[in-house]
Amino acid sequence: MYRIDDTHDASLTSWVESANAPATDFPIQNLPIGMFRRAGSAEGFRPGVAIGDQVVDLLAAADAGVLPDDVVAALRACAPGQLNAFMAQGRGVRVGLRRALSQALRQGSAQQARLQPCLVAQSAVELAVPCRIDGYTDFYTGIHHATSVGKLFRPDNPLMPNYKWVPIGYHGRTSSIGVSGQSFHRPQGQIKGAADVPEFGPCRRLDYELELGAFVGPGNSLGRPVPMAEAEEHLFGLVLLNDWSARDLQAWEYQPLGPFLAKNFATTISPWIVTMEALEPFRAPFVRAEGEPQPLPYLDGAENRERGALDLELEVWLQTAAMREAGLPPERLMRSNFKDAAYWTLAQMLAHHTINGCNLQPGDLLGTGTQSGPSPEQGGSLLELTAGGKQELRLSNGETRTFLRDGDTVVLRAHAERPGFRRIGFGDCAGTVLPAVPLSP
């Protein structure tokens with residue numbers, strides 16, 4: 001079991017000066033991992049760690065003799081552009097990397113001279129999806145989102161009877177998962193028309209969904225469930241995840257099997273995986289309110305009750321094409337907190353996913369579902385903020401939105417902050433809507 005250690009010390013500073021800025025997402029206490037290459041280069045993507053406004057090239061750091069042998073072996077075992085082999089090694093190797101970099105990047109470190117040539121400015125790199133994602137499962141753990149959306153269609157019975165007993169989820173598509181900066185064309189498909197006869201055309205009710213994504217580290221064997229007591233050991237780290245949704249396509253297609261074309265056209269994640277170790281100071285108790293059903297035994301455990309939740313502030317920002325042309329920054333639309341929004345913990349999602357014997361693999365991605373807060377202004381989607389498209393959302397430049405328009409850029413952001421510890425963040429998860437592709441006659 002991993003606990004808070006000296007790598008979380010709020011007094012630690014780095015010789016990378018940008019990492020000491022109070023507002024940086026990437027202080028020395030964070031050290032998230034991802035894949036990068038120099039912008040415009042034809043070289044393959046390489047594993048790196050974000051520190052301030054820089055990236056530590058991990059393969060260069062290995063060559064410089066800064067990293068432990070087991071960490072070096074795990075990194076060199078990775079296929080080009082993929083972290084899966086490193087993720088499969090489990091917490092020990094990951095902690096070894098964290099501690100080695102924490103020591104080498106500290107102010108006054110004797111290893112500065114060896115590590116400094118291994119740094120590349122983030123402004124000079126391109127980032128990629130950090131691993132091969134063979135499996136993507138999207139859960140529906142946001143209780144306030146589920147309730148709000150349920151009320152739009154079933155005012156007297158917003159939640160189905162199973163919701164508070166089982167972590168609901170469905171399998172998504174991996175090929176259209178992209179990294180922050182992703183642009184995608186507005187999806188097209190069938191939309192319900194008059195008298196249940198569909199029309200075909202571009203989506204008219206395009207939406208975002210504010211989620212977290214959890215990457216699996218070590219997997220489990222087919223037929224062998226992961227018990228709650230071991231579930232945390234199978235979690236590698238977290239990213240932000242935008243589960244773009246075509247609401248009108250979904251309304252026509254989702255019965256009886258759920259979303260299909262409404263979800264598979266694009267999913268955007270942030271590029272830096274914030275490890276579970278970096279998030280340790282921001283743990284919180286998992287508590288069900290009085291009168292709520294308690295989890296079945298296979299979804300329960302003392303450690304989950306003590307520290308299964310995470311105190312993470314989540315935000316959605318929007319920059320329209322007009323704002324961009326006028327030089328205006330994105331505007332924040334909402335803010336919520338993961339510990340208040342999620343009805344199930346990450347460990348419960350993973351344990352439930354495997355209870356039937358399903359084998360998770362290193363690099364598999366688990367989406368949390370939309371993380372809305374309890375108040376109407378904390379909706380994690382436009383569907384909620386506009387009451388199903390019935391109320392226009394007015395922006396500060398005078399524009400209005402019910403759903404997304406071409407040229408809109410949605411930015412998800414998140415950070416963890418607690419007295420006595422450094423603030424850490426996730427970096428941006430940004431995606432831009434392009435016009436639908438015209439169909440050939």
Side-chain angles (χ1 to χ4, degrees), residues 136 138 140 142 145-158 160 168-178 182-211 241-268 316 318-322 333 367 369-370 372 376 379-395 399-410 431-441:
Y136 164 43
D138 195 27
Y140 197 50
H145 172 75
T147 302
S148 297
V149 173
K151 284 180 178 177
L152 293 174
F153 304 103
R154 301 177 302 276
D156 299 326
N157 187 30
M160 294 298 189
I168 304 295
Y170 72 95
H171 294 291
R173 184 162 184 83
T174 64
S175 64
S176 51
I177 297 175
Q182 179 180 27
S183 296
F184 63 91
H185 293 280
R186 181 176 293 271
Q188 303 179 78
Q190 293 190 24
I191 300 168
K192 185 180 184 303
D196 288 342
V197 176
E199 303 170 359
F200 177 85
C203 165
R204 303 165 193 163
R205 294 164 66 90
L206 184 61
D207 204 355
Y208 59 80
E209 290 192 348
L210 168 64
E211 303 193 23
L241 186 152
N242 190 337
D243 183 31
W244 305 95
S245 298
R247 302 295 185 188
D248 42 4
L249 274 63
Q250 185 174 356
W252 175 244
E253 74 181 5
Y254 85 104
Q255 294 181 354
L257 295 181
F260 178 33
L261 300 185
K263 296 278 191 176
N264 68 2
F265 58 93
T267 302
T268 308
V316 177
L318 175 66
Q319 185 184 50
T320 68
L333 301 185
T370 308
S372 304
S381 65
L382 285 175
L383 185 70
E384 296 162 86
L385 293 179
T386 66
K390 298 175 183 176
Q391 301 171 6
E392 287 188 332
L393 184 69
R394 183 164 295 276
L395 305 174
E399 290 186 272
T400 60
R401 288 291 183 274
T402 49
F403 292 97
L404 296 172
R405 297 182 186 175
D406 294 346
D408 284 352
T409 296
V410 177
T432 300
V433 183
L434 302 176
V437 176
L439 296 184
S440 301

In short, Ser372 meets Glu384 closest at the heavy-atom pair OG-OE1, 2.8 Å
Sequence neighbours excluded and cut-off under 3.5 Å, please list the side-chain donor-acceptor pairs for residues 256-268, or say none.
from, atom 1, to, atom 2, distance (Å)
Lys263, NZ, Glu209, OE1, 3.1
Lys263, NZ, Glu209, OE2, 3.3
Lys263, NZ, Asp243, OD2, 2.9
Lys263, NZ, Ser245, OG, 2.6
Thr268, OG1, Gln182, OE1, 2.5
Thr268, OG1, Trp244, NE1, 2.8

dist Ser183:OG -> Leu434:CG (nearest 0.5 Å) comes out at 4.5 Å
Looking only at heavy atoms, the pair that brings Cys203 and Leu206 closest together is SG-N, 3.4 Å
Can I get a per-line list of side-chain donor-acceptor pairs under 3.5 Å for residues 189-200, giving both atom names and the distance, sequence neighbours left out?
from, atom 1, to, atom 2, distance (Å)
Gln190, OE1, Trp252, NE1, 3.0
Lys192, NZ, Asp196, OD1, 3.1
Glu199, OE1, Arg204, NH2, 2.8

With sequence neighbours left out, the residues meeting side chain to side chain contact (heavy atoms under 4.5 Å, CB included) with Ile168 are Tyr140, Asn162, Tyr163, Val166
Rounded to the nearest 0.5 angstrom, the CG-CD distance for Leu249 and Gln188 is 9.5 Å
Residues at least two apart in sequence or cross-chain that pass salt bridge (Lys or Arg N to Asp or Glu O under 4.0 Å) with Arg186, listed by chain then number, are Asp406
OH (Tyr208) and CG (Asp408) are apart, to the nearest 0.5 Å, by 10.5 Å
Applying side chain to side chain contact (heavy atoms under 4.5 Å, CB included) to Arg154 and not counting sequence neighbours gives Met160
What I'd like to find out is whether the side chain of Phe403 reaches to under 4.5 Å of the side chain of Leu383, using heavy atoms alone.
yes
Contacts of Asp207 meeting salt bridge (Lys or Arg N to Asp or Glu O under 4.0 Å) (sequence neighbours excluded), chain-then-number -> Arg247
Value for CZ (Arg401) from CG (Leu395), rounded to nearest 0.5 Å, stands at 6.5 Å
The reported gap from CZ in Arg405 to CG in Leu318 (rounded to nearest 0.5 angstrom) is 10.5 Å
